[in-house]
Visitor: 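If you scroll down you'll find the structure; I have some questions about it.
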Number of protein chains: 2
Amino acid sequence: MMYEKYVDLLKEKSIKITPQRLEILRYLDKNRNHPTAYQIYTDLKENNPSLSKTTVYNSLEILNKYDIINTISITGLETRYDIKNIIHHHFMCKKCGRIIDIDIECPNIRKTLEQGHKIEEVHGYFKGRCRECIEKEIDQYGS
Amino acid sequence: MMYEKYVDLLKEKSIKITPQRLEILRYLDKNRNHPTAYQIYTDLKENNPSLSKTTVYNSLEILNKYDIINTISITGLETRYDIKNIIHHHFMCKKCGRIIDIDIECPNIRKTLEQGHKIEEVHGYFKGRCRECIEKEIDQYGS
DNA sequence: ATACTAAATTGTAATGATTATAATTTAGGT
DNA sequence: ACCTAAATTATAATCATTACAATTTAGTAT
Ligand SMILES: [Mn+2]
Ligand SMILES: [Mn+2]
Ligand SMILES: [Zn+2]
Ligand SMILES: [Zn+2]
(Lines give C-alpha, C1' and ligand atoms only; values in the text may rest on other atoms or scores of the structure.)
(Ligands and ions follow the chains in the order given, each with its own letter.)
Protein backbone atom coordinates (compact mmCIF):
# COMPACT_ATOMS: atom_id res chain seq x y z
CA MET A 1 0.00 0.00 0.00
CA MET A 2 2.88 2.32 0.81
CA TYR A 3 4.53 1.78 -2.55
CA GLU A 4 1.47 0.86 -4.58
CA LYS A 5 1.32 4.28 -6.16
CA TYR A 6 4.86 3.96 -7.44
CA VAL A 7 4.45 0.37 -8.52
CA ASP A 8 1.56 1.51 -10.68
CA LEU A 9 3.62 4.33 -12.18
CA LEU A 10 6.32 1.89 -13.25
CA LYS A 11 3.82 -0.70 -14.47
CA GLU A 12 2.15 1.88 -16.71
CA LYS A 13 5.42 2.36 -18.54
CA SER A 14 6.41 -1.34 -18.39
CA ILE A 15 9.57 -0.52 -16.52
CA LYS A 16 10.91 -3.28 -14.33
CA ILE A 17 9.87 -2.81 -10.72
CA THR A 18 12.77 -2.83 -8.28
CA PRO A 19 12.98 -1.78 -4.63
CA GLN A 20 15.60 0.81 -5.51
CA ARG A 21 13.42 2.49 -8.11
CA LEU A 22 10.48 2.52 -5.74
CA GLU A 23 12.56 4.12 -2.99
CA ILE A 24 13.88 6.78 -5.34
CA LEU A 25 10.42 7.55 -6.66
CA ARG A 26 8.98 7.79 -3.15
CA TYR A 27 11.86 10.03 -2.13
CA LEU A 28 11.20 12.44 -4.98
CA ASP A 29 7.51 12.40 -4.21
CA LYS A 30 8.12 13.29 -0.55
CA ASN A 31 11.02 15.70 -1.19
CA ARG A 32 9.96 18.39 -3.60
CA ASN A 33 13.07 20.49 -3.01
CA HIS A 34 14.83 19.45 -6.23
CA PRO A 35 17.57 17.29 -4.73
CA THR A 36 20.80 16.23 -6.43
CA ALA A 37 21.60 12.58 -7.21
CA TYR A 38 24.05 12.64 -4.32
CA GLN A 39 21.46 13.92 -1.86
CA ILE A 40 19.04 11.20 -2.89
CA TYR A 41 21.82 8.64 -2.58
CA THR A 42 23.03 9.60 0.89
CA ASP A 43 19.52 10.01 2.32
CA LEU A 44 18.28 6.66 1.02
CA LYS A 45 21.52 4.90 1.91
CA GLU A 46 20.66 5.25 5.61
CA ASN A 47 17.85 2.75 5.35
CA ASN A 48 19.19 0.91 2.33
CA PRO A 49 22.88 0.40 3.05
CA SER A 50 23.49 -1.66 -0.06
CA LEU A 51 22.30 1.09 -2.38
CA SER A 52 24.84 2.12 -4.99
CA LYS A 53 25.38 5.59 -6.37
CA THR A 54 25.40 4.13 -9.88
CA THR A 55 21.94 2.71 -9.29
CA VAL A 56 20.68 6.14 -8.32
CA TYR A 57 22.04 7.59 -11.55
CA ASN A 58 20.73 4.70 -13.64
CA SER A 59 17.31 4.86 -12.06
CA LEU A 60 17.04 8.61 -12.46
CA GLU A 61 18.00 8.24 -16.10
CA ILE A 62 15.31 5.70 -16.87
CA LEU A 63 12.66 7.53 -14.84
CA ASN A 64 13.48 10.66 -16.80
CA LYS A 65 13.45 8.80 -20.10
CA TYR A 66 9.95 7.52 -19.39
CA ASP A 67 8.75 10.99 -18.35
CA ILE A 68 8.13 10.15 -14.73
CA ILE A 69 10.59 12.74 -13.46
CA ASN A 70 12.21 15.94 -14.78
CA THR A 71 15.78 17.13 -14.76
CA ILE A 72 16.72 20.68 -13.84
CA SER A 73 20.07 22.15 -14.90
CA ILE A 74 19.60 25.53 -13.27
CA THR A 75 22.76 25.54 -11.16
CA GLY A 76 25.08 24.69 -14.03
CA LEU A 77 26.98 22.58 -11.52
CA GLU A 78 24.88 19.47 -11.08
CA THR A 79 21.56 18.08 -12.21
CA ARG A 80 18.57 18.44 -9.91
CA TYR A 81 15.54 16.16 -10.04
CA ASP A 82 11.82 16.80 -9.74
CA ILE A 83 8.96 14.34 -9.77
CA LYS A 84 6.67 15.20 -12.66
CA ASN A 85 3.65 17.26 -11.66
CA ILE A 86 2.09 20.28 -13.32
CA ILE A 87 4.35 22.25 -15.64
CA HIS A 88 6.23 24.98 -13.85
CA HIS A 89 9.34 27.13 -13.95
CA HIS A 90 12.10 27.44 -11.35
CA PHE A 91 13.66 30.27 -9.41
CA MET A 92 17.08 29.81 -7.83
CA CYS A 93 18.16 32.11 -5.02
CA LYS A 94 21.83 33.02 -5.42
CA LYS A 95 22.03 33.73 -1.69
CA CYS A 96 20.50 30.68 0.00
CA GLY A 97 20.63 28.31 -2.98
CA ARG A 98 17.01 27.22 -2.75
CA ILE A 99 15.23 26.28 -5.96
CA ILE A 100 11.62 27.42 -5.78
CA ASP A 101 8.71 26.42 -8.02
CA ILE A 102 7.13 29.18 -10.08
CA ASP A 103 3.76 27.97 -11.26
CA ILE A 104 3.67 29.22 -14.81
CA GLU A 105 3.84 27.70 -18.23
CA CYS A 106 5.79 29.19 -21.09
CA PRO A 107 3.55 31.04 -23.55
CA ASN A 108 6.47 31.47 -25.92
CA ILE A 109 6.46 28.01 -27.33
CA ARG A 110 4.65 29.15 -30.43
CA LYS A 111 7.66 31.07 -31.75
CA THR A 112 9.83 27.98 -31.54
CA LEU A 113 7.28 25.82 -33.30
CA GLU A 114 6.83 28.46 -35.99
CA GLN A 115 10.45 27.99 -36.95
CA GLY A 116 9.80 24.31 -37.56
CA HIS A 117 11.45 22.86 -34.47
CA LYS A 118 9.76 20.17 -32.40
CA ILE A 119 9.77 20.91 -28.67
CA GLU A 120 10.09 18.00 -26.27
CA GLU A 121 11.21 19.84 -23.15
CA VAL A 122 10.69 23.33 -21.75
CA HIS A 123 12.92 24.71 -19.02
CA GLY A 124 12.28 28.12 -17.48
CA TYR A 125 14.93 29.25 -15.04
CA PHE A 126 15.10 32.50 -13.09
CA LYS A 127 17.97 33.44 -10.81
CA GLY A 128 18.20 36.19 -8.22
CA ARG A 129 17.44 36.89 -4.58
CA CYS A 130 14.45 35.21 -2.93
CA ARG A 131 11.89 37.00 -0.78
CA GLU A 132 13.12 35.46 2.48
CA CYS A 133 16.70 36.51 1.82
CA ILE A 134 15.67 40.02 0.85
CA GLU A 135 13.61 40.36 4.03
CA LYS A 136 16.49 39.10 6.15
CA GLU A 137 18.76 41.74 4.68
CA ILE A 138 16.26 44.48 5.45
CA ASP A 139 15.95 43.26 9.05
CA GLN A 140 19.70 43.36 9.40
CA TYR A 141 20.67 46.58 7.70
CA GLY A 142 17.39 48.47 7.61
CA SER A 143 15.33 49.19 4.53
CA MET B 1 40.89 49.53 -34.56
CA MET B 2 40.30 45.79 -34.67
CA TYR B 3 39.94 45.51 -30.92
CA GLU B 4 38.77 49.05 -30.16
CA LYS B 5 35.19 47.91 -29.71
CA TYR B 6 36.21 45.39 -27.05
CA VAL B 7 38.64 47.75 -25.36
CA ASP B 8 35.75 50.17 -24.94
CA LEU B 9 33.51 47.45 -23.50
CA LEU B 10 36.09 46.63 -20.83
CA LYS B 11 36.85 50.30 -20.14
CA GLU B 12 33.18 51.00 -19.51
CA LYS B 13 33.22 48.49 -16.68
CA SER B 14 36.71 49.45 -15.48
CA ILE B 15 37.96 45.92 -16.04
CA LYS B 16 41.66 45.60 -16.70
CA ILE B 17 42.36 45.34 -20.43
CA THR B 18 44.43 42.31 -21.38
CA PRO B 19 45.14 40.70 -24.75
CA GLN B 20 43.55 37.47 -23.53
CA ARG B 21 40.29 39.13 -22.59
CA LEU B 22 40.17 40.97 -25.88
CA GLU B 23 40.71 37.76 -27.83
CA ILE B 24 38.00 35.95 -25.91
CA LEU B 25 35.55 38.80 -26.37
CA ARG B 26 36.28 39.01 -30.08
CA TYR B 27 35.88 35.25 -30.37
CA LEU B 28 32.46 35.34 -28.74
CA ASP B 29 31.46 38.27 -30.93
CA LYS B 30 32.44 36.39 -34.11
CA ASN B 31 31.20 32.96 -32.97
CA ARG B 32 27.57 33.18 -31.98
CA ASN B 33 27.18 29.41 -31.75
CA HIS B 34 27.38 29.24 -27.93
CA PRO B 35 30.80 27.62 -27.59
CA THR B 36 32.15 25.86 -24.51
CA ALA B 37 35.16 27.14 -22.59
CA TYR B 38 37.18 24.33 -24.12
CA GLN B 39 36.19 25.27 -27.66
CA ILE B 40 37.19 28.87 -27.05
CA TYR B 41 40.44 27.69 -25.54
CA THR B 42 41.50 25.35 -28.32
CA ASP B 43 40.50 27.72 -31.12
CA LEU B 44 42.30 30.72 -29.62
CA LYS B 45 45.31 28.64 -28.63
CA GLU B 46 46.24 28.25 -32.32
CA ASN B 47 47.22 31.89 -32.64
CA ASN B 48 47.99 32.43 -28.95
CA PRO B 49 50.05 29.40 -27.95
CA SER B 50 50.73 30.68 -24.45
CA LEU B 51 47.03 30.92 -23.60
CA SER B 52 46.03 28.95 -20.53
CA LYS B 53 42.75 27.16 -19.97
CA THR B 54 42.54 28.72 -16.54
CA THR B 55 42.71 32.16 -18.11
CA VAL B 56 39.78 31.32 -20.35
CA TYR B 57 37.72 30.28 -17.32
CA ASN B 58 38.82 33.30 -15.29
CA SER B 59 38.09 35.70 -18.13
CA LEU B 60 34.69 34.21 -18.83
CA GLU B 61 33.87 34.49 -15.16
CA ILE B 62 34.69 38.17 -14.95
CA LEU B 63 33.03 39.00 -18.27
CA ASN B 64 29.92 37.28 -17.00
CA LYS B 65 30.10 39.04 -13.64
CA TYR B 66 30.18 42.41 -15.40
CA ASP B 67 27.29 41.47 -17.68
CA ILE B 68 29.27 41.49 -20.90
CA ILE B 69 28.49 37.85 -21.65
CA ASN B 70 25.87 35.28 -20.63
CA THR B 71 26.17 31.70 -19.50
CA ILE B 72 23.92 28.96 -20.82
CA SER B 73 23.45 25.70 -18.90
CA ILE B 74 21.10 24.07 -21.38
CA THR B 75 23.11 20.88 -21.92
CA GLY B 76 23.47 20.10 -18.23
CA LEU B 77 26.95 18.88 -19.11
CA GLU B 78 29.01 22.03 -19.59
CA THR B 79 28.51 25.76 -19.61
CA ARG B 80 28.08 27.52 -22.93
CA TYR B 81 28.82 31.19 -23.49
CA ASP B 82 27.06 33.93 -25.43
CA ILE B 83 28.08 37.53 -25.96
CA LYS B 84 25.35 39.75 -24.57
CA ASN B 85 22.95 41.04 -27.20
CA ILE B 86 19.18 41.29 -27.16
CA ILE B 87 17.39 39.02 -24.70
CA HIS B 88 16.51 35.67 -26.20
CA HIS B 89 15.80 32.03 -25.38
CA HIS B 90 17.60 28.94 -26.60
CA PHE B 91 16.60 25.76 -28.35
CA MET B 92 18.85 22.71 -28.25
CA CYS B 93 18.48 19.99 -30.83
CA LYS B 94 18.87 16.58 -29.22
CA LYS B 95 19.89 15.13 -32.59
CA CYS B 96 22.57 17.46 -33.93
CA GLY B 97 23.39 19.24 -30.67
CA ARG B 98 23.08 22.76 -32.07
CA ILE B 99 21.91 25.50 -29.75
CA ILE B 100 19.74 27.93 -31.67
CA ASP B 101 18.61 31.42 -30.65
CA ILE B 102 14.88 31.93 -30.18
CA ASP B 103 14.20 35.64 -30.22
CA ILE B 104 11.65 36.02 -27.46
CA GLU B 105 11.56 37.47 -24.00
CA CYS B 106 9.85 35.80 -21.07
CA PRO B 107 6.49 37.41 -20.34
CA ASN B 108 6.19 35.37 -17.16
CA ILE B 109 8.53 37.40 -15.05
CA ARG B 110 5.63 39.15 -13.33
CA LYS B 111 4.59 36.03 -11.42
CA THR B 112 8.05 35.65 -9.94
CA LEU B 113 8.23 39.29 -8.92
CA GLU B 114 4.75 39.07 -7.39
CA GLN B 115 6.06 36.50 -4.96
CA GLY B 116 8.67 38.99 -3.75
CA HIS B 117 11.73 37.52 -5.43
CA LYS B 118 14.23 39.72 -7.24
CA ILE B 119 15.13 38.43 -10.71
CA GLU B 120 18.68 38.95 -11.96
CA GLU B 121 18.80 36.33 -14.70
CA VAL B 122 16.27 34.72 -17.02
CA HIS B 123 17.04 31.48 -18.85
CA GLY B 124 14.58 29.99 -21.32
CA TYR B 125 15.59 26.60 -22.67
CA PHE B 126 13.74 24.39 -25.11
CA LYS B 127 14.92 20.97 -26.19
CA GLY B 128 13.77 18.78 -29.05
CA ARG B 129 14.37 18.18 -32.72
CA CYS B 130 15.40 21.09 -34.97
CA ARG B 131 13.84 21.82 -38.34
CA GLU B 132 16.91 20.72 -40.33
CA CYS B 133 17.06 17.38 -38.53
CA ILE B 134 13.36 16.78 -39.02
CA GLU B 135 13.64 17.54 -42.74
CA LYS B 136 16.60 15.22 -43.10
CA GLU B 137 14.61 12.40 -41.55
CA ILE B 138 11.73 12.97 -43.93
CA ASP B 139 14.12 12.92 -46.92
CA GLN B 140 15.53 9.64 -45.69
CA TYR B 141 12.50 7.69 -44.62
CA GLY B 142 9.71 9.57 -46.36
CA SER B 143 7.11 11.73 -44.65
C1' DA C 1 60.40 57.13 -19.00
C1' DT C 2 60.92 54.02 -14.65
C1' DA C 3 59.53 51.75 -10.87
C1' DC C 4 55.93 49.72 -8.16
C1' DT C 5 52.14 46.77 -6.97
C1' DA C 6 47.93 44.64 -7.19
C1' DA C 7 45.88 41.89 -10.36
C1' DA C 8 46.16 38.66 -14.28
C1' DT C 9 48.26 34.77 -16.43
C1' DT C 10 50.17 30.32 -16.50
C1' DG C 11 51.01 25.29 -15.60
C1' DT C 12 49.87 21.87 -12.64
C1' DA C 13 47.33 19.48 -9.30
C1' DA C 14 42.90 18.71 -6.98
C1' DT C 15 37.94 18.30 -6.93
C1' DG C 16 33.47 16.70 -7.91
C1' DA C 17 29.78 15.13 -10.87
C1' DT C 18 28.85 11.70 -14.00
C1' DT C 19 29.81 7.54 -16.88
C1' DA C 20 32.11 3.07 -18.12
C1' DT C 21 33.15 -1.55 -16.88
C1' DA C 22 32.66 -6.11 -15.27
C1' DA C 23 31.10 -9.21 -11.75
C1' DT C 24 27.02 -10.47 -9.11
C1' DT C 25 22.20 -10.51 -8.19
C1' DT C 26 17.36 -10.38 -9.30
C1' DA C 27 12.64 -9.48 -11.62
C1' DG C 28 9.54 -11.42 -14.36
C1' DG C 29 8.34 -14.73 -17.63
C1' DT C 30 8.29 -19.82 -18.97
C1' DA D 1 11.30 -23.95 -9.70
C1' DC D 2 14.21 -22.42 -13.51
C1' DC D 3 16.16 -19.10 -17.04
C1' DT D 4 17.77 -15.11 -18.82
C1' DA D 5 17.94 -10.46 -19.84
C1' DA D 6 18.16 -6.63 -17.21
C1' DA D 7 19.36 -4.32 -12.85
C1' DT D 8 22.49 -3.63 -9.12
C1' DT D 9 26.84 -3.07 -7.18
C1' DA D 10 31.79 -1.65 -6.40
C1' DT D 11 35.36 0.29 -8.62
C1' DA D 12 37.84 2.81 -11.92
C1' DA D 13 37.82 6.26 -15.58
C1' DT D 14 36.42 10.60 -17.59
C1' DC D 15 35.63 15.33 -18.07
C1' DA D 16 34.50 20.03 -16.70
C1' DT D 17 35.78 23.16 -13.47
C1' DT D 18 38.42 25.10 -9.50
C1' DA D 19 42.47 25.67 -6.34
C1' DC D 20 47.11 26.80 -5.91
C1' DA D 21 51.58 28.98 -6.26
C1' DA D 22 54.99 30.94 -9.19
C1' DT D 23 55.62 34.30 -12.84
C1' DT D 24 54.28 38.10 -15.63
C1' DT D 25 51.97 42.37 -16.66
C1' DA D 26 48.56 46.52 -16.77
C1' DG D 27 47.95 50.61 -15.02
C1' DT D 28 49.36 54.02 -11.91
C1' DA D 29 52.55 56.82 -9.25
C1' DT D 30 57.08 58.70 -9.13
MN1 LIG E 1 9.94 22.02 -9.33
MN1 LIG F 1 22.18 32.86 -27.88
ZN1 LIG G 1 17.20 32.89 -0.67
ZN1 LIG H 1 19.24 19.34 -35.22
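Values in this document were obtained by computation on a predicted structure and should not be read as measured data. Both backbone and side-chain heavy atoms feed into the values below; hydrogens, waters and symmetry mates do not. Every chain is numbered from 1, with letters handed out A, B, ... down the list of sequences.
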Visitor: If you link ILVMFWY side chains whenever their heavy atoms are less than 4.5 Å apart, which other residues fall into the same cluster as Ile74(A)? By chain and number, please.
Guide: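 Besides Ile74(A), the cluster holds Ile72(A), Met92(A), Ile99(A), Tyr125(A), Ile72(B), Ile74(B), Met92(B), Ile99(B), Tyr125(B).
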
Visitor: Applying side-chain contact (heavy atoms from CB on, under 4.5 Å) to Leu60(A) and Ile40(A), what does each step give before you reach the verdict?
Guide: CA-CA 10 Å; Leu60(A) 290 169; Ile40(A) 298 168; 4.1 Å; yes

Visitor: Side chains of Ile102(B) and His88(B): closer than 4.5 Å at any heavy-atom pair?
Guide: no

Visitor: Looking only at side-chain N and O atoms, does Thr55(B) come under 4.0 Å of OP1 or OP2 in dA8(C)?
Guide: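 Negative; the distance criterion is not met.
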
Visitor: What residues from residues 9-31 of chain B pass a heavy-atom cutoff of under 4.0 Å to DNA chain C?
Guide: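 Contacts with DNA chain C under 4.0 Å: Lys16(B), Thr18(B), Gln20(B), Arg21(B).
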
Visitor: Can you check the Asn58(B) CG to dC20(D) P distance for me, whole Å?
Guide: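 Roughly 13 Å, once rounded to whole Å.
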
Visitor: Taking Lys95(A) for the side chain and Cys133(A) for the main chain, is one N or O donor matched with an acceptor at less than 3.5 Å?
Guide: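 No, Lys95(A) side chain to Cys133(A) backbone: no donor-acceptor pair under 3.5 Å.
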
Visitor: Rounded to whole Å, how long is the line connecting atom CG of Leu60(B) with atom P of dT18(D)?
Guide: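 To the nearest whole Å, that distance equals 10 Å.
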
Visitor: Which letter, B, S or -, goes with each nucleotide of nucleotides 12-21 of chain C from 5' to 3', with contact meaning a protein heavy atom under 4.0 Å?
Guide: B----SBBB-

Visitor: Give a yes or no answer on whether the side chain of Thr55(A) reaches the backbone of Leu51(A) with a donor-acceptor pair at less than 3.5 Å.
Guide: no

Visitor: When you measure from the side chain of Arg26(B) to the backbone of Tyr6(B), do you find a donor-acceptor pair of N or O atoms at a distance under 3.5 Å?
Guide: no

Visitor: Does any part of the side chain of Lys65(A), heavy atoms only, come nearer than 4.5 Å to the side chain of Ile68(A), both counted from C-beta?
Guide: no

Visitor: Between P on dA16(D) and CD on Glu61(B), what's the gap in Å once rounded to a whole number?
Guide: 18 Å

Visitor: For Lys45(A) and dT8(D), give me the distance from atom NZ to atom C1', rounded to whole Å.
Guide: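 In whole Å, dT8(D) C1' and Lys45(A) NZ are 12 Å from each other.
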
Visitor: Between His117(B) (side chain only) and Arg131(A) (backbone N and O only), is there a donor and an acceptor less than 3.5 Å apart?
Guide: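 Indeed, once roles are kept as given, a pair shorter than 3.5 Å links the two residues.
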
